[in-house]
Engineer: 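The structure's right below; bear with me while I get my questions together.
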Amino acid sequence: MNPIEMTPETSVEKFSGLDGTIVDQTDQQLDSPEEECEDTRDDDGFELRHGSPYSYHADESLGEACSSVPSGASIRSIIPSKAHPPPRMGEWLQIFSGWSHPERLMAINELIGLCEATQVRHMMQIIEPQFQRDFISLLPKELALYVLSFLDPRDLLRAAQTCKYWRILADDNLLWREKCKEAGIGYFSAMSNRVHRRNRNSTNAHTPTASNSDVPNTRWKAAFMKQHYVEMNWKRKDTRDHKVLKGHDDHVITCLQFSGNRIVSGSDDNTLKVWSATTGKCLRTLLGHTGGVWSSQMSGTTIVSGSTDRTLRVWNAETGHCLHTLYGHTSTVRCMHLHGKKVVSGSRDATLRMWDVEIGECLHVLVGHMAAVRCVQYNGHLVVSGAYDYMVRIWDPEREECLHQLSGHTNRVYSLQFDGIHVVSGSLDTSIRVWDVETGACKHTLMGHQSLTSGMELRDNLLVSGNADSTVKIWDISTGQCLLTLSGPNKHLSAVTCLQLINKFVITSSDDGTVKLWDIRTGEFVRNLVSLSSGGSGGVVWRIRASETKLVCAVGSRNGTEETKLLVLDFDTDVVKSESSVKVEIVKSTEIQLDFGI
């Protein structure tokens, strides 16, 4: 059927409406096509077909119907608004609302095809907000926190700035506890406890007000923020502003201990000195040994030292008094390990002795090595020793029995690590061996270094070794694989003398007079923390000790080119910043790496 059928009897036009129904409408007969064209234009120049400005032939598309505007048509000068809508817009919308879903989609597609880019953008601005919902606020709190737990800390800080409710969620203490757990900020870590004490004191000093009563306890968040700032200081802070501690004249600093706010240095000048890490002042000098001090340990206020005079001495760090002098060894006391109230000492007389530092008595003597004992570890249950006889031995000190003799090295053993499950030994034969404590079997032989392994640090299954070949390597002792070698254009130019493993960093010192900072995850060089002007011409960094926020370096030279001294670098941040500034700085930071397997 044609869209329009004329019946002579009624002169009523029948045509298909936009909704597909047949509509009857009386109209006058037009005499000519020209007259039809003139009479069927509306005010905007659009063609009207038989009384309805929106009717069109069934075989026409919406685009064709709407595009039949003559080039000479007049344009409306009135800006459309709700008060002045386009003519017949209400009728068009009413017809559109009567269409089926497929018909609406077809009409929308045709309409979009006719729109210009600016009009399409306008549609997007209107449509997009319709699909934006604050689903976090609609969820139960437990589910909302679960969703937020998938965000990294930087995104959590951004989310906290969305609105008050989002801030409450994003500041949730348990949520940040998980982030700290991922980052390796332990519950009993020094930093977490220090932040907790500061928050607790602040809470006790100030009564909560209505303005902050709904802010959750964010102790874990504060610990995380603190950790972040300290890490940034390790990476960026100017290290030229450090404390210089002078006291051992031109003698060599042979041993170094650092705990809390105390530094203890031992020297071949027969003395030990106790320093304040905060002020840099020498608090007291420990006098009594008649030979050079070659080993020391510190725990709390107790200091134990071993000397070439064949004795150990127990000191009170607060008063400087010598509490006990321990006699028994017949040669230099070269190494020791303090655990609780007991210390195990190793000597060039090839024996080990266990002492009670409270009463000053020798409890046990361990005999078996055939040469000088160079290194020892004690965990309160077992003693592990390495010696110049190429052997590593595991002892039961209470029974004075050697449980295992670990044979395999072909040269002197200089370094040990012991975690209760594994023993790791480093030797002059260039190898590192991993042993099973229970069976005494060698699980892995780590090859790659070219000289003496002078120092090692073990954290879980991650081993960091420093070698006289100027390189540092990171190993997985569970597989025996070398994961990373810290070398490249910024590597040390001489033997590595000491190393420390702190959070995400490896700190290494060398005979070349530098202390370097490395990223433990990537092996990338971060920067030089210390670079002696005499480096390369005699200046040496002998020992380093580090905490989460401080680094102590014992430096000097063998030819008088560098004065013997201690350098103390502080990376702590004592400025308590506002939470908003903390958020902004961390969000802006490009250095934040929150793979918290630290």
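These figures come from a predicted structure and were not determined experimentally.
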Engineer: Quick one: CG on N316 to NE2 on H324, what's the gap to the nearest 0.5 Å?
Structural biologist: 10.5 Å
Engineer: Report the C-alpha separation of W475 and S465 in whole Å, then their side-chain angles, then the decisive distance to 0.1 Å, and conclude whether the side-chain contact (heavy atoms from CB on, under 4.5 Å) test is met.
Structural biologist: CA-CA 8 Å; W475 313 80; S465 60; 2.9 Å; yes
Engineer: Search all heavy atoms of A546 against all heavy atoms of L551 and return the closest pair with its distance.
Structural biologist: CB-CD1, 3.9 Å
Engineer: Does G513 offer a backbone N or O that forms a donor-acceptor pair with the side chain of S510 under 3.5 Å?
Structural biologist: no
Engineer: When you measure from the side chain of N461 to the backbone N and O of D476, does any donor-acceptor pair fall under 3.5 Å?
Structural biologist: no
Engineer: Does atom CG of D238 have more than 12 heavy-atom neighbours, drawn from other residues, nucleotides or ligands, at distances under 6.0 Å?
Structural biologist: yes
Engineer: Where the side chain of H422 meets the backbone of V434, is there a donor-acceptor pair that is under 3.5 Å apart?
Structural biologist: no
Engineer: Do K226 and D572 pass the salt bridge (Lys or Arg N to Asp or Glu O under 4.0 Å) test, and can you show the C-alpha distance, the side-chain angles, and the key distance before you say yes or no?
Structural biologist: CA-CA 9 Å; K226 177 77 171 180; D572 202 355; 2.8 Å; yes
Engineer: Between L493 and S470, which heavy-atom pair has the shortest distance, and what is it?
Structural biologist: C-CB, 4.4 Å
Engineer: Rounded to the nearest 0.5 Å, what's the gap from OG on S425 to CZ on R433? Could you check?
Structural biologist: 7.5 Å
Engineer: Would you say W294 has more than 12 foreign heavy atoms packed within less than 6.0 Å of its CH2?
Structural biologist: no
Engineer: Can you tell if the side chain of L338 reaches within under 4.5 Å of the side chain of V357, non-hydrogen atoms only?
Structural biologist: yes
Engineer: Thinking salt bridges, do R521 and E524 make one under a 4.0 Å N-O criterion?
Structural biologist: no
Engineer: Please confirm whether the ring centroid of Y390 lies under 6.0 Å from the ring centroid of H409.
Structural biologist: no
Engineer: Any salt bridge (Lys or Arg N to Asp or Glu O under 4.0 Å) pairs touching residues 506-516, not counting sequence neighbours?
Structural biologist: D511-R558
Engineer: Search all heavy atoms of I520 against all heavy atoms of I474 and return the closest pair with its distance.
Structural biologist: O-CD1, 3.7 Å
Engineer: Between P397 and H381, what is the shortest heavy-atom contact and its length?
Structural biologist: CD-O, 3.3 Å
Engineer: Hey, does the side chain of S296 reach the backbone of G266 with a donor-acceptor pair shorter than 3.5 angstrom?
Structural biologist: no
Engineer: Checking the side chain of S307 only, and the main-chain atoms of G292 only, is there a donor and an acceptor separated by less than 3.5 Å?
Structural biologist: yes
Engineer: Ignoring hydrogens and geometry, is there a side-chain-to-backbone donor-acceptor pair from S299 to T302 under 3.5 Å?
Structural biologist: no
Engineer: Nearest 0.5 Å please: distance from the CG atom of L352 over to the CG atom of L366.
Structural biologist: 5.5 Å
Engineer: Please confirm whether the backbone N or O of T332 pairs with a side-chain atom of R348, one donor and one acceptor, at under 3.5 Å?
Structural biologist: no
Engineer: Could you tell me if R374 sits above the aromatic ring of Y414, with its cationic atom closer than 6.0 Å to the ring centre and no more than 45 degrees from the axis?
Structural biologist: no
Engineer: Just wondering, are more than 12 heavy atoms of other shown residues or ligands nearer than 6.0 Å to CZ in R310?
Structural biologist: no
Engineer: Would you call the rings of W234 and F505 parallel, tilted or perpendicular, where under 30° means parallel and over 60° means perpendicular?
Structural biologist: tilted
Engineer: Would you check if there is a donor-acceptor pair between the side chains of N467 and T453 at a distance under 3.5 Å?
Structural biologist: yes
Engineer: Can a donor-acceptor pair be found between the side chains of E457 and Q500 at a distance below 3.5 Å?
Structural biologist: yes
Engineer: Going from NZ on K235 to CE on M232, what distance comes out if it is rounded to the nearest 0.5 angstrom?
Structural biologist: 4.0 Å
Engineer: Could you check whether any side-chain N or O of S557 sits under 3.5 Å from a backbone N or O of V540, counting only pairs where one atom can act as donor and the other as acceptor?
Structural biologist: no
Engineer: Residues in salt bridge (Lys or Arg N to Asp or Glu O under 4.0 Å) with E563, at least two apart?
Structural biologist: K246
Engineer: Verify the distance criterion only: is there a donor paired with an acceptor across the side chains of T325 and R313 at less than 3.5 Å?
Structural biologist: yes
Engineer: Working to the nearest 0.5 angstrom, can you tell me the gap between D429 CG and R412 CZ?
Structural biologist: 12.5 Å
Engineer: Judged by atom type as modelled, is there a donor-acceptor pair below 3.5 Å linking the side chain of D269 to the main-chain atoms of H251?
Structural biologist: no
Engineer: Side chains of H289 and T271: any donor to acceptor distance under 3.5 Å?
Structural biologist: no
Engineer: Using modelled atom types only, decide if a donor and an acceptor are shared between the side chain of Q417 and the backbone of L458 within a distance under 3.5 Å.
Structural biologist: yes
Engineer: For the residue pair N528 / S531, report whether a side-chain donor-acceptor contact shorter than 3.5 Å exists.
Structural biologist: no
Engineer: Under 3.5 Å, is there a donor on one side chain and an acceptor on the other for T485 and K473?
Structural biologist: yes
Engineer: Between A387 and V373, what is the shortest heavy-atom contact and its length?
Structural biologist: CB-CA, 4.0 Å
Engineer: Do you see a donor-acceptor pair shorter than 3.5 Å between the side chains of S534 and E562?
Structural biologist: yes
Engineer: Let's go through L406 and I394 carefully: what are the C-alpha distance in whole Å and the side-chain angles of both, what is the deciding distance for side-chain contact (heavy atoms from CB on, under 4.5 Å) to 0.1 Å, and is it a yes or a no?
Structural biologist: CA-CA 8 Å; L406 311 181; I394 301 175; 4.0 Å; yes
Engineer: Do we see a donor-acceptor contact under 3.5 Å between the side chains of K273 and T285?
Structural biologist: yes
Engineer: Would you list the pairs meeting side-chain hydrogen bond (donor to acceptor under 3.5 Å, both in side chains) in which at least one residue belongs to residues 357-369, sequence neighbours left out?
Structural biologist: H364-E398, H364-E400, H369-S385, H369-D389
Engineer: Using side-chain heavy atoms (C-beta onward) and a distance below 4.5 Å, is W275 in contact with L566?
Structural biologist: yes
Engineer: Could you walk me through whether V293 and C255 pass the side-chain contact (heavy atoms from CB on, under 4.5 Å) test, one step at a time?
Structural biologist: CA-CA 8 Å; V293 178; C255 51; 3.9 Å; yes
Engineer: In terms of ring plane angle, is the pair W176 and F224 parallel, tilted or perpendicular, where the classes change at 30° and 60°?
Structural biologist: tilted
Engineer: How many angstroms lie between atom CG of L312 and atom NE2 of H329, to the nearest 0.5 angstrom?
Structural biologist: 6.0 Å
Engineer: Under the side-chain contact (heavy atoms from CB on, under 4.5 Å) criterion, do V555 and L532 qualify, and how do the steps go?
Structural biologist: CA-CA 9 Å; V555 307; L532 300 178; 4.1 Å; yes
Engineer: When you compare the side chains of S305 and W315, does any donor N or O come within less than 3.5 Å of an acceptor on the partner?
Structural biologist: yes
Engineer: When you check the side-chain N and O atoms of T564 and D250, is any donor under 3.5 Å from an acceptor?
Structural biologist: no
Engineer: Please name the pair of heavy atoms, one in M298 and one in G300, separated by the smallest distance, quoted to 0.1 Å.
Structural biologist: CG-O, 4.1 Å
